[in-house]
Amino acid sequence: MKKKEKVLKVIEVLRKKFGKTKCALNYTTPFELLVAVILSAQCTDARVNIVAEKMFKEVNTPEGFSALPIERIEELIRSTGFYRNKAKNIKRCSEQLISKYNGQVPQKMEELVKLAGVGRKTANVVRAEIWGVADGITVDTHVKRLSNLIGFVKENDVLKIERELMKIVPKKDWIDFSHYLILQGRDKCIARRPKCQECEIVEYCMTGINRKNSSFNS
């Protein structure tokens, strides 16, 4: 089966399973989502939601974070990991939004990626979630792992993975595709304990088929 055919089959199965999808991060404004995605690096969405819910009650605007001492931001986000770098990025990003965009999150990709702590992944998430725009495919750890396991790509570099996926995934499905692989990665294709025998897309995943057959023959 060609990659494009396999992608369509995987999307079809996962769409039936998960239906309409949305970002797992909780937010009420574009800026809150931007901060939440910055915090999500090397951290679970569940942990980010816990931290963000408490933090956003105290401060949730660029003006607020810009005025807040860096030490206080570090204290608020400490449990998300890499908190010093994240705090620095959040404060600097807030200052940039105030000075360049009147405190508003810009919509253009080229403007977003110039903000502190914002790369293509973060910009893709924000543009897809807030404005429904897909410039590319969000590649997080789940998308990277499942894309390699299934056989869509053979790459470790996230930018190369994104470019390869954009060639085989229909543009209309770019947003959903990321959500589906993330959800499947959490539900069945768990990194340390994959449930291949229960996986709905195992027939399209050579790694999964091998694991499944191996367990049957053991």
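Because the structure is a prediction, the values reported are computed rather than measured.
A donor-acceptor contact shorter than 3.5 Å is absent between the side chain of Arg84 and the backbone of Arg78. With hydrogens and angles disregarded, no donor-acceptor distance shorter than 3.5 Å links the side chain of Glu111 to the backbone of Pro106. In terms of modelled atom types and a separation under 3.5 Å, the side chain of Asn102 and the main chain of Gln104 share no donor-acceptor contact. Checked by atom type and distance alone, the side chain of Ser40 never pairs as donor or acceptor with a backbone atom of Cys43 at under 3.5 Å. Here the side chain of Tyr204 pairs no donor or acceptor atom with the backbone of Gly151 at under 3.5 angstrom. Checked by atom type and distance alone, the side chain of Lys91 pairs as donor or acceptor with a backbone atom of Ser66 at under 3.5 Å. Formation of a donor-acceptor pair under 3.5 Å by the Asn124 side chain with backbone atoms of Arg120 is found in this model. Trp174 places a side-chain N or O within donor-acceptor distance of the main-chain N or O of Val169, the cut-off being under 3.5 Å. Checked by atom type and distance alone, the side chain of Asn49 pairs as donor or acceptor with a backbone atom of Ala24 at under 3.5 Å. Under a 3.5 Å cut-off, the side chain of Lys6 and the backbone N or O of Ile150 do form a donor-acceptor pair.
Using a 4.0 Å cut-off between charged side-chain N and carboxylate O, Lys121 and Asp140 make no salt bridge. Lys16 has a carboxylate O that lies under 4.0 Å from a charged side-chain N of Glu12, or vice versa, which qualifies the two as a salt bridge. By the 4.0 Å N-to-carboxylate-O rule, Asp157 lies too far from Lys144 to be salt-bridged with it.
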Salt bridge (Lys or Arg N to Asp or Glu O under 4.0 Å) between Lys195 and Asp187, intermediate numbers included:
CA-CA 8 Å; Lys195 303 176 182 178; Asp187 181 47; 5.6 Å; no

What do the steps show when you test Ile50 against Lys54 for side-chain contact (heavy atoms from CB on, under 4.5 Å), and what is the final call?
CA-CA 7 Å; Ile50 292 171; Lys54 181 179 179 180; over 6 Å; no

Glu164 vs Phe152, side-chain contact (heavy atoms from CB on, under 4.5 Å): CA-CA, chis, key distance, verdict:
CA-CA 8 Å; Glu164 289 301 306; Phe152 293 147; over 6 Å; no

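A single hydrophobic cluster is seen to contain both Phe65 and Tyr101, as judged by linkage of ILVMFWY side chains at heavy-atom distances under 4.5 Å, directly or through other members. Both Ile182 and Ile168 belong to a common hydrophobic cluster when Ile, Leu, Val, Met, Phe, Trp and Tyr are linked at side-chain heavy-atom distances under 4.5 angstrom.
Using modelled atom types and a 3.5 Å distance limit, the side chains of Gln184 and Lys17 yield a donor-acceptor pair.
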